[in-house]
Each structure stands twice: as C-alpha cells, then as structure tokens.
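Dropping a structure here in structure tokens format, bear with me for questions.
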Amino acid sequence: MDLPSFEPYKTKMVEQVYSSTRTEREEWIKNAGFNLFNLRSEQVTIDLLTDSGTGAMSDRQWSSLMLGDESYAGASSYYNMKKALSEITGFEYFLPAHQGRAAENVLFSALVKEGDFVPGNSHFDTTKGHIEFRKAIPVDCTVEIASDFKSMNPFKGNVDPAKLEDVLKKNPREKIPCILITITNNTAGGQPVSMANLRETRKLADRYGVKLFLDSARFAENAWFIKKREDGYKEKSIREIAREMFSYADGITMSSKKDAIVNMGGFSAYRDEDLFRKASAYNIIYEGFITYGGMSGRDMNALAQGLYEGTEEQYLRSRIGQVEFLAERMKEYGIPVLQPTGGHAVFIDAKSFLPRIPDGKFPGQVLAVELFIEGGIRSTEIGTLMADRDPVTRANRFSGKEMVRLAIPRRVYSDNHMNYVAAVVKNVFERRDRITRGLKIKWEAPILRHFTVVLERE
Ligand SMILES: Cc1ncc(COP(=O)(O)O)c(C=O)c1O
C-alpha cells in the first residue's frame, strides 16, 4: 500500500476556535453593514477571509525573532533577508517594505505616471488601486479561458500574448512603464502562469523595450503547479523552477504574508541598479531606511526563514493538497466551484449558486453573508463589489465573474475544519432557492470600496 502523505509539521501551540449561534451571527452581520471585513475575529468560527498574513509561523521562525537585530542601518537581519532573497529569487537589489502594497507603492512611485498603461494578467485590487491612484490605466490581458469556470486548462492565470502585444503596439513605449504579471493570478482564482507564458512575455517585453515585473506573492505555489503541470519540470526542484521564473523578470514585488508565511512583511527587488536607486528614495520616504523599510529586524529574520520553508516541496504538497481536499468535498455536494482548483483558495461560482440574484445586487456578497450566517465562515467576494467603479464613468464594473473566495491560511486549519466548511456551504446550497434578497450600497469609498463598504438588504 502506498503510504499517504501528511502535513510536514506537528502542533506545538493552539488557538481557540470560536462558536456562536445563528441569531448572534445574524445580528453581527447586520451591524457590520453586511461587510465581512467589519466583523470582529471572535465573531468568526472559520476565518477564510484571506490567506494573507494569517499563516502559522514555525518554531524556527519564532526562534529567529529572538535573534532579530534592530539596528537602524545594516542589521544582520537585513543581511539574512538579502541572503535568502538572493538564493531564492536571484535578485541582489531589494527594498524591504511592510507589506505587498507598500512595495507596490515604492515601485510605482519610481515607474508609473499619469496617463501610463500597465498591462498584465488580472492585477490584484491594491495593485490596480496604486495604478489608478496615479491616474494610470491597468490593462487586463488575461487569457479568455480564465472566465470559463469549468475549463480544466492548467494555466488559466496566463497572459494572452495577442492581447498584450496589441497594447504594446498601440501605445508609445514611454507610456508603458512595465508589464506586470501576478503569480499565481489571485483575481482569476489563484490560477498559475506557465513558464512558457513567462518566457513569451519576456520576449514581447524585449521586442518592445518594456520592463517586466512579477507580483510574486504566491510564487512558490505557482512553481508547484509548473512542476506538476508543465512538460519538462517534473524533475526540477521548486527552487530551481522559481529561479527560472524570476530570471525572466526585471524585478518583483512580494507580499511576503503569503508564500513566505509571515504575518507581516514584503519587499520590492530589482535587477537594474539605477531603478533600485530611484526606488530607494521612495522607500526612505514611505517605508524607512533601505535596510529595514517598514520591517523590524525580527520580522526580516522570520521572512528569510519563511522563504525557505515556503519553497519546500513537502510543505507545498500538503498546502495545495488541503485546498484541493476542500474543493473535492464541495464538488461531491454539487457545489459549482472554479476548475481546476487554485493554489490558495476555493472559488465558488456565486452566479450559478444564486441565479436569482442579479449582478447589480451583488450575488457574491449575498453568498458570503449567507455562509457567515449558516456557520460562521468568513469568506470574501470577488465580483462586482471588488471590481469597483470605472474611474472615469463611475459605473459599476461587471467582470462577468461573481465569485466567493474561501482562502485557506497556511498551516492553520485541519482537514476536519475543511469538512465543516464544506458542510456549511452544502447547507446554504440546499436552501439556495429561498435566497432571493440582494444587497444594495448604503455608503462606499471612492477607491477600493469593498474594504469599507456599508450595505443593506434590498
Ligand atoms: C497578488 C497580490 N498582490 C498584492 C497583494 C497585496 O499585499 P499586501 O496585502 O501584503 O499589501 C496581495 C494581497 O492579498 C495579493 O494577493
């Protein structure tokens, strides 16, 4: 008999999981303006809002905190981070930042100006926010197949080279500060980008003289999928694959709260010394001196250690295996989930789940609210609410996708928790015909509205 694989860690400390009654949850979500970001964590039973910064650090990471060097300049922790970064990504120039969006702010301050275009696969919401905040335009060139929920295409995170070339052809070079590829493609459902696609994008970048950056929050999960799904990579290690992915880029940003399994931290990294120098000035203004930039020494140590742990094959097998486990349970119950399963989350197709709620009434958010009421699960809507308004016309942007994302924190929940989650979703699925009331907006912010929006029932 083949022995089953298992989590490559055991538990040393535990944290309470909270229970509540349905009546309490109904009251809490109403008081939260039907916005799950407004809930207190004690009101949540299983928190699948995000996989960002919610992972469990290892004993090695915790012990590295004690060795944190808090010197303002030249701390040993900075050099630990530099060593890990150089070994894993190949970049020698980097700037620590307190999280991913801060790294984006630093990079885009140095690169992006009003009227520019930043093409790529679907940009993450903070990335889009930083581009639009500068009155520049993010252009989504993701492959069309990404919007087909059922397609088993192995690389639905890819950029469509024809769409990308069209943008590169139609606009002068000085209007395109960079192409930005997000690995894995969070907005398209945690779907990976193939090595062939990265290679081809590099060729296009060279042909048109444009830089290529990677948003590499989940680079290790992307490398895992390349190993499993792309010809020629089966025998390569995750770190070898990651190095090749990074070799096609002029630089990267990373929210290290994902694949470096830390609760806070990030960085931008550069191949070109001049751009690094330019970005350094912004890092100093916004984040802090270039050898700590928004991070304490102890956090840099934990990040360095996390980069090694996050790229271990046994860990990735168990991590991505757990996401797959939840998706399989849900599929057994007939729940429409995005195929193939992404790296960090299970995405439910809210449009088919709740066909009686039209897009303008936020079916994704309605479903997310119902999952909370049913079993205290906190998820997030990835649909019209998150897609926000067109910055020029202010009309709602309908991407055609209405999803609910169940993001799985790293090394936190057991498969029993996943069984509970699947059962909660099943119960809501069984009463879906009775869910007919949509939501409407009572108040919204001018940008990134989903974080703070206040909603009410129709
Ligand atoms: C792909 C991607 N890029 C950037 C970010 C922003 O990172 P942070 O939350 O650390 O600011 C996120 C966060 O979820 C993300 O998923």
Point to revise | Test: Lys30 cationic atom under 6.0 Å from Trp28 six-membered ring centre, within 45° of axis | key: no
Practice item. Sequence neighbours left out, what pairs pass salt bridge (Lys or Arg N to Asp or Glu O under 4.0 Å) with at least one residue falling in residues 297-306? Key: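 As it turns out, the salt bridge (Lys or Arg N to Asp or Glu O under 4.0 Å) pairs with a partner in residues 297-306, which skip direct neighbours, are Glu70-Arg298.
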Practice item. Using only heavy-atom distances, determine whether the side chains of Glu381 and His450 contain a donor-acceptor pair under 3.5 Å. Key: no
Point to revise | ring pair (Phe, Tyr, Trp, His ring centres under 6.0 Å) involving His417 - partner list, sequence neighbours excluded | key: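 With neighbours one apart ignored, the set is Tyr413.
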Check your understanding: What residue pairs, at least two apart or across chains, pass salt bridge (Lys or Arg N to Asp or Glu O under 4.0 Å) with a residue in residues 395-404?
Key -> Glu132-Arg397
Check your understanding: Can a donor-acceptor pair be found between the side chains of Arg60 and Asn301 at a distance below 3.5 Å?
Key ->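 On atom types as modelled, these side chains do not qualify, holding no pair under 3.5 Å.
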Check your understanding: Quick one: ring pair (Phe, Tyr, Trp, His ring centres under 6.0 Å) partners of Phe372, sequence neighbours excluded?
Key ->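 Phe372 satisfies ring pair (Phe, Tyr, Trp, His ring centres under 6.0 Å) with no residue once adjacent residues are dropped.
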Practice item. Decide if atom NZ of Lys442 counts as having more than 12 heavy atoms of other residues, nucleotides or ligands within a radius under 6.0 Å. Key: no
Check your understanding: Have Thr142 and Ser122 got a donor and an acceptor in their side chains that come within less than 3.5 Å?
Key -> yes
Exercise for review: Identify, with sequence neighbours excluded, every residue that meets side-chain hydrogen bond (donor to acceptor under 3.5 Å, both in side chains) alongside Ser52.
Suggested key: Lys258
Point to revise | Near-ring test Phe225/Phe155, centroid separation under 6.0 angstrom | key: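 No, they do not, as the ring centres are separated by 6.0 Å or more.
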Review point. Can you tell me how far CD1 of Ile252 sits from OG of Ser268, rounded to the nearest 0.5 angstrom?
Key: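 Going from the OG atom of Ser268 to the CD1 atom of Ile252 covers 9.0 Å.
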Check your understanding: For the side chain to side chain donor-acceptor pair (under 3.5 Å) test, which of Thr182, Asp51, Asn185, Thr184 pairs with Arg218?
Key -> Asp51
Check your understanding: Within the distance-only criterion (no hydrogens, no angle test), does the side chain of Arg319 pair as donor or acceptor with the backbone N or O of Ile408 below 3.5 angstrom?
Key -> yes
Exercise for review: Could you list all the salt bridge (Lys or Arg N to Asp or Glu O under 4.0 Å) pairs where at least one residue sits in residues 102-124, not counting sequence neighbours?
Suggested key: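 For residues 102-124, and leaving out neighbouring residues, the salt bridge (Lys or Arg N to Asp or Glu O under 4.0 Å) pairs sorted by first residue read Lys113-Asp116.
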**Study point:** Phe6 CZ: over 12 foreign heavy atoms closer than 6.0 Å
**Key:** no
Review point. Residues two or more places apart in sequence or in another chain: which of them pass side-chain hydrogen bond (donor to acceptor under 3.5 Å, both in side chains) with Asn396?
Key: Arg449
Review point. Centroid-to-centroid, Tyr93 to Tyr270, below 6.0 Å?
Key: no
Check your understanding: Got a sec, which residues hit ring pair (Phe, Tyr, Trp, His ring centres under 6.0 Å) with Tyr78, two or more places apart in sequence or on another chain?
Key ->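 Counting only residues at least two positions away or on another chain, Tyr78 forms a ring pair (Phe, Tyr, Trp, His ring centres under 6.0 Å) with Phe94.
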Check your understanding: Is it true that the side chains of Arg239 and Thr311 contain a donor and an acceptor less than 3.5 Å apart?
Key ->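 Distance-only check passes for Arg239 and Thr311.
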**Study point:** Over 12 non-hydrogen atoms of neighbours within 6.0 angstrom of CZ in Phe325
**Key:** yes
Practice item. Using a strict cut-off of less than 4.0 Å between a Lys/Arg side-chain nitrogen and an Asp/Glu carboxylate oxygen, indicate whether Arg271 and Asp250 qualify as a salt bridge. Key: no
Practice item. Write down the atom of Lys128, the atom of Pro138, and the distance for their closest heavy-atom approach. Key: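 Heavy atoms only, the tightest pair is CG-CG, 3.5 Å.
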Review point. Would you say Asn121's side chain and Gly157's backbone share a donor-acceptor pair under 3.5 angstrom?
Key: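 Flag set: sc Asn121 to bb Gly157 pair under 3.5 Å.
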Exercise for review: Return yes if a side-chain donor-acceptor contact under 3.5 Å exists between Glu92 and Ser86, otherwise no.
Suggested key: yes
Review point. Is there a donor-acceptor contact under 3.5 Å linking the side chains of Glu287 and Tyr292?
Key: no
Practice item. Taking side-chain hydrogen bond (donor to acceptor under 3.5 Å, both in side chains) as the test, write out the residues that go with Arg229, two or more places apart. Key: none
**Study point:** Distance, nearest 0.5 Å, that separates CG of Leu303 from CE of Met264
**Key:**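 The CE atom of Met264 is 11.5 Å from CG of Leu303, to the nearest 0.5 Å.
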Practice item. Could you give me the CA-CA distance, side-chain angles and deciding distance for Glu221 and Arg410, then say whether salt bridge (Lys or Arg N to Asp or Glu O under 4.0 Å) is met? Key: CA-CA 12 Å; Glu221 291 172 4; Arg410 294 166 181 79; 3.0 Å; yes
Review point. Salt bridge (Lys or Arg N to Asp or Glu O under 4.0 Å): which pairs involve residues 170-196, sequence neighbours left out?
Key: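 Output for this query lists Asp166-Lys170.
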Point to revise | Between Ser109 and Arg134: side-chain donor-acceptor atoms closer than 3.5 Å | key: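 Yes, side-chain donor-acceptor contact under 3.5 Å.
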**Study point:** Heavy-atom donor-acceptor pair, Asn186 side chain to Phe124 backbone, under 3.5 Å
**Key:**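 Flag not set: sc Asn186 to bb Phe124 has no pair under 3.5 Å.
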Check your understanding: With Asp274, which residues qualify under side-chain contact (heavy atoms from CB on, under 4.5 Å), at least two apart?
Key -> Asp272
Review point. Looking only at atom types and distance, does a side-chain atom of Asp359 sit under 3.5 Å from a main-chain N or O of Thr384, one as donor and one as acceptor?
Key: no
Check your understanding: What pairs with Asp206 under side-chain hydrogen bond (donor to acceptor under 3.5 Å, both in side chains), at least two apart in sequence or on another chain?
Key ->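 side-chain hydrogen bond (donor to acceptor under 3.5 Å, both in side chains) list for Asp206, sorted by chain: Arg202.
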Check your understanding: Is there a donor-acceptor pair under 3.5 Å between the side chain of Lys257 and the backbone N or O of Val262?
Key ->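 Absent.
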Check your understanding: Is a side-chain donor or acceptor of Arg411 paired with a backbone partner of Ala56 at a separation under 3.5 angstrom?
Key -> yes
Point to revise | Residue pair Phe34, Phe362: steps toward the ring-ring contact (aromatic ring centres under 6.0 Å, His included) verdict | key: CA-CA 11 Å; Phe34 299 96; Phe362 308 112; over 10 Å; no
Check your understanding: Do the side-chain N and O atoms of Asp69 and Ser71 include a donor-acceptor pair separated by under 3.5 angstrom?
Key -> yes
Review point. Taking Thr341 for the side chain and Glu324 for the main chain, is one N or O donor matched with an acceptor at less than 3.5 Å?
Key: no
**Study point:** N-O pairing of Glu165 and Arg207 below 4.0 Å
**Key:**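 A salt bridge links Glu165 with Arg207.
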